[in-house]
Amino acid sequence: MVSVKVLRAPWIRISRLDKDQILYELKNPAVSSAFALLKDLPQLYDQIYMEFPDAYNRADGKFGRISSVKCYSPGKYTENPQKYLRSQPTSTFYNAPMDYQYADGFIMPLVYALSALMIEEDGRLKWRLDPYVFLQQYLSSIVEKYKGILELSHWDPQTVGKKDVFYSMAKQQFEHCLLMQEHKIA
């Protein structure tokens with residue numbers, strides 16, 4: 001068994017224990033604000049997962065031809081069970097119907113890059129702008145550049161999902177789009 005030592009800074013109080021009710025009360029506004037952002041992540045994850053194939057195809061890609069991607073096309077499963085799915089896949093969190101099933105490694109750097117849309121203000125985390133609208137406006141142009149990452153990795157989702165450089169590159173694309181949007185507003 002591994003023992004973990006937790007260091008606590010006495011000036012940072014995250015929660016308080018009410019011994020009468022054995023209840024923890026969240027006291028730290030930074031942690032509380034981070035929890036408020038967490039509620040959006042499952043829906044943003046599904047949005048990226050569902051829109052990624054079309055964005056890839058708009059960038060002159062052929063998403064369905066990637067060897068690790070399976071497609072749903074009724075009736076084609078019997079022709080090629082290695083490429084086609086018998087039943088329609090659904091998104092991870094909200095079970096929305098989809099046409100493709102693929103490894104999460106392809107989009108994990110994009111999910112991480114959502115952190116570029118967060119800002120700390122007055123000791124609290126918040127979205128700089130509406131992340132859903134941002135993805136609708138910029139995911140296609142981000143994927144156009146991101147497509148090169150997939151090519152460099154030979155379309156291997158394990159490589160894409162495990163290399164730090166791909167996460168950095170994805171975040172830089174999000175930041176670039178933020179700068180473009182701020183420049184348009186100014």
Side-chain angles (χ1 to χ4, degrees), residues 34-118 125 127-178 180-181:
F35 282 139
L37 295 182
L38 286 176
K39 71 176 175 36
D40 293 321
L41 292 182
Q43 190 170 351
L44 291 167
Y45 182 95
D46 273 7
Q47 183 176 349
I48 291 170
Y49 193 93
M50 290 186 313
E51 293 177 9
F52 183 75
D54 289 336
Y56 185 88
N57 290 336
R58 281 192 297 274
D60 292 328
K62 305 233 183 305
F63 193 73
R65 290 192 180 171
I66 298 172
S67 62
S68 61
V69 172
K70 288 196 167 205
C71 305
Y72 173 68
S73 184
K76 289 196 175 183
Y77 175 77
T78 54
E79 294 174 23
N80 186 353
Q82 291 184 332
K83 188 65 185 168
Y84 293 98
L85 298 163
R86 179 183 307 231
S87 58
Q88 189 166 27
T90 58
S91 64
T92 304
F93 295 102
Y94 290 93
N95 295 320
M98 302 187 46
D99 293 328
Y100 297 99
Q101 184 178 54
Y102 59 95
D104 296 331
F106 282 141
I107 64 158
M108 289 312 294
L110 296 172
V111 173
Y112 163 78
L114 289 169
S115 63
L117 306 180
M118 297 175 189
L125 287 175
W127 294 112
R128 287 177 189 249
L129 43 78
D130 186 327
Y132 303 99
V133 172
F134 179 88
L135 288 175
Q136 287 174 342
Q137 290 177 340
Y138 294 106
L139 187 62
S140 288
S141 63
I142 290 168
V143 170
E144 188 175 332
K145 309 289 187 294
Y146 185 77
K147 184 175 158 247
I149 290 173
L150 299 180
E151 292 169 357
L152 285 173
S153 70
H154 303 285
W155 297 274
D156 178 10
Q158 292 292 321
T159 302
V160 175
K162 291 182 179 178
K163 297 286 185 186
D164 292 345
V165 67
F166 298 141
Y167 286 80
S168 298
M169 292 171 76
K171 189 170 181 181
Q172 286 173 351
Q173 287 304 312
F174 273 63
E175 291 168 345
H176 175 74
C177 289
L178 275 172
M180 285 185 355
Q181 182 170 356

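Predicted model only: the values in this text are computed from it and were never measured.
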Contacts of type side chain to side chain donor-acceptor pair (under 3.5 Å), residue [X], not counting sequence neighbours:
X	result
Tyr102	none
Arg128	none
Ser73	none

If the condition is side chain to side chain contact (heavy atoms under 4.5 Å, CB included), which residues does [X] pass it with, not counting sequence neighbours?
X	answer
Arg86	Tyr77
Leu152	none
Glu144	Ala59
Ala103	Pro157

Enter the distance from [X]:[atom1] to [Y]:[atom2] here, rounded to the nearest 0.5 Å.
X	Y	atom1	atom2	answer
Ile107	Leu139	CD1	CG	9.5 Å
Gln172	Tyr146	CD	OH	13.5 Å
Glu51	Met98	CD	CE	10.0 Å
Leu117	Leu135	CG	CG	7.0 Å
Thr90	Tyr49	OG1	OH	9.5 Å
Met169	His176	CE	NE2	13.5 Å

Specify the closest pair of heavy atoms between Lys83 and Arg65, including all atoms of both residues, with the distance to one decimal. NZ-C, 4.0 Å
What pair of heavy atoms forms the shortest contact from Gly64 to Tyr100, and how long is it? CA-CE2, 3.8 Å
Restricting to ring-ring contact (aromatic ring centres under 6.0 Å, His included), what partner residues turn up for [X], sequence neighbours left out?
X	result
Tyr112	Tyr167
Tyr72	none
Tyr138	Phe134
Tyr132	none

Evaluate the side-chain proximity of [Y] to [X]: yes if any heavy-atom separation is below 4.5 Å, no if none is.
X	Y	result
Phe93	Gln43	no
Ile48	Leu114	yes
Ile149	Pro109	no
Lys70	Tyr84	no

side-chain hydrogen bond (donor to acceptor under 3.5 Å, both in side chains): pairs with one or both residues in residues 148-164, sequence neighbours excluded: Tyr56-Trp155, Lys147-Glu151, Asp156-Thr159, Gln158-Lys162
Please report the C-alpha distance between Val111 and Leu44 in whole Å, then the side-chain angles of each, then the deciding distance to 0.1 Å, and finally whether the side chain to side chain contact (heavy atoms under 4.5 Å, CB included) criterion is met. CA-CA 8 Å; Val111 173; Leu44 291 167; over 6 Å; no
Greater than 12 external heavy atoms within 6.0 Å of Asn95's CG: yes
Under a 3.5 Å distance rule, please check whether Asp46 uses its side chain to pair with a backbone N or O of Thr92 as donor and acceptor. yes
Tell me if the centroids of the rings in Phe52 and Phe63 come within less than 6.0 Å of each other. yes
